[in-house]
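Both backbone and side-chain heavy atoms feed into the values below; hydrogens, waters and symmetry mates do not.
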Amino acid sequence: MNFNEMITIITEEKVADGCGGYISVETVVGTLKCRVAPYRVQIGDIIQIPNPTSSVKFFTNNTLPFDEDTPFLIIYKGKRYKKIVIADYGKVTMIIGERV
C-alpha cells in the first residue's frame, strides 16, 4: 500500500478564560502519511430534511501520537474532518472521518 498523502491531526483544548468560562484552543498534534480511500456520500434525514454527509477513510501505518479515545480533527487538502471511528488492523490503522 502506498502512503503518499499527508494529513494533519488537531486536538481541541479548553482553557479557562479567567471569567468562569473557557476558550477552545486548537493544537496541531502532528502529521501522518496515509492512503485515502474514495469518498462516500450518504443522505440522512433530519426531521424530513435531506442532510448529505461525506466521509473518508484514511489508512496509515504510523502510530497515532495520542490515545485512540481522544477526539480530534483531521485536515486533508484544506478540508476538516472529525474522527468517527478508528480500527486497528495490525500493520495498518484505519480512521474514518466525517466532513465538518
Side-chain angles (χ1 to χ4, degrees):
M1 191 176 280
N2 190 4
F3 301 101
N4 55 1
E5 301 282 341
M6 295 294 287
I7 60 173
T8 304
I9 305 293
I10 294 177
T11 59
E12 190 174 60
E13 296 179 29
K14 295 179 181 176
V15 179
D17 63 358
C19 297
Y22 64 88
I23 300 171
S24 295
V25 178
E26 291 185 347
T27 306
V28 175
V29 177
T31 58
L32 297 175
K33 288 186 176 184
C34 67
R35 169 108 175 152
V36 181
Y39 292 88
R40 180 182 63 141
V41 177
Q42 57 190 5
I43 304 294
D45 287 336
I46 297 179
I47 311 173
Q48 303 299 324
I49 300 171
N51 183 29
T53 59
S54 64
S55 60
V56 178
K57 294 179 182 177
F58 302 99
F59 295 94
T60 184
N61 62 352
N62 297 100
T63 57
L64 298 178
F66 47 80
D67 187 41
E68 292 182 2
D69 296 331
T70 306
F72 62 88
L73 296 173
I74 300 167
I75 296 181
Y76 172 65
K77 291 190 177 179
K79 296 177 184 166
R80 298 168 70 98
Y81 298 88
K82 67 178 178 179
K83 173 203 67 154
I84 300 298
V85 126
I86 293 180
D88 188 8
Y89 296 115
K91 293 183 179 180
V92 176
T93 302
M94 178 186 70
I95 304 170
I96 297 179
E98 186 176 78
R99 182 81 187 272
V100 176

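Taking both residues in full, the closest heavy atoms of F3 and R35 are given as CD2-N, 3.7 Å, listed atom of the first, atom of the second, then distance. E26 and I10 make their closest contact through CB-CG2, 3.7 Å (heavy atoms, listed as atom of the first residue, atom of the second, distance). Shortest non-hydrogen contact noted between P71 and T11 is O-CG2, 4.2 Å. Contact record, K83 with I95: CG-CG2, 4.3 Å, taken as the closest heavy-atom pair. Listed here is the closest heavy atom pair of F59 and A37: CE1-CB, 4.0 Å.
The closest side-chain heavy-atom distance from I9 to I74 is below 4.5 Å.
The same ILVMFWY cluster, assembled from side-chain heavy atoms under 4.5 Å apart, contains both Y81 and L64. When the side chains of ILVMFWY residues are joined at heavy-atom separations under 4.5 Å, either directly or via intervening members, V25 and F72 end up in two distinct hydrophobic clusters. Both V100 and V28 sit in one connected hydrophobic cluster of ILVMFWY residues. Membership requires side-chain heavy atoms under 4.5 Å apart, directly or through other members. Hydrophobic clustering (ILVMFWY, side-chain heavy atoms < 4.5 Å, transitive): V36 and I75 are in distinct clusters.
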Intermediate values then yes/no, side-chain contact (heavy atoms from CB on, under 4.5 Å), Y22 and D17:
CA-CA 5 Å; Y22 64 88; D17 63 358; 5.8 Å; no

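Taking CG of L73 as the start and CZ of R80 as the end, the distance is 5.0 Å to the nearest 0.5 Å. The distance from the CE atom of M6 to the CG atom of L32 is 7.5 Å, given to the nearest 0.5 Å. Separation of atoms OG1 (T27) and CD (E13) is listed at 4.0 Å; rounding is to 0.5 Å. Annotation: the span from S54 atom OG to E98 atom CD amounts to 7.5 Å, rounded to 0.5 Å.
Of the possible donor and acceptor atoms, one in the side chain of T60 sits under 3.5 Å from a partner among the backbone N and O of K33.
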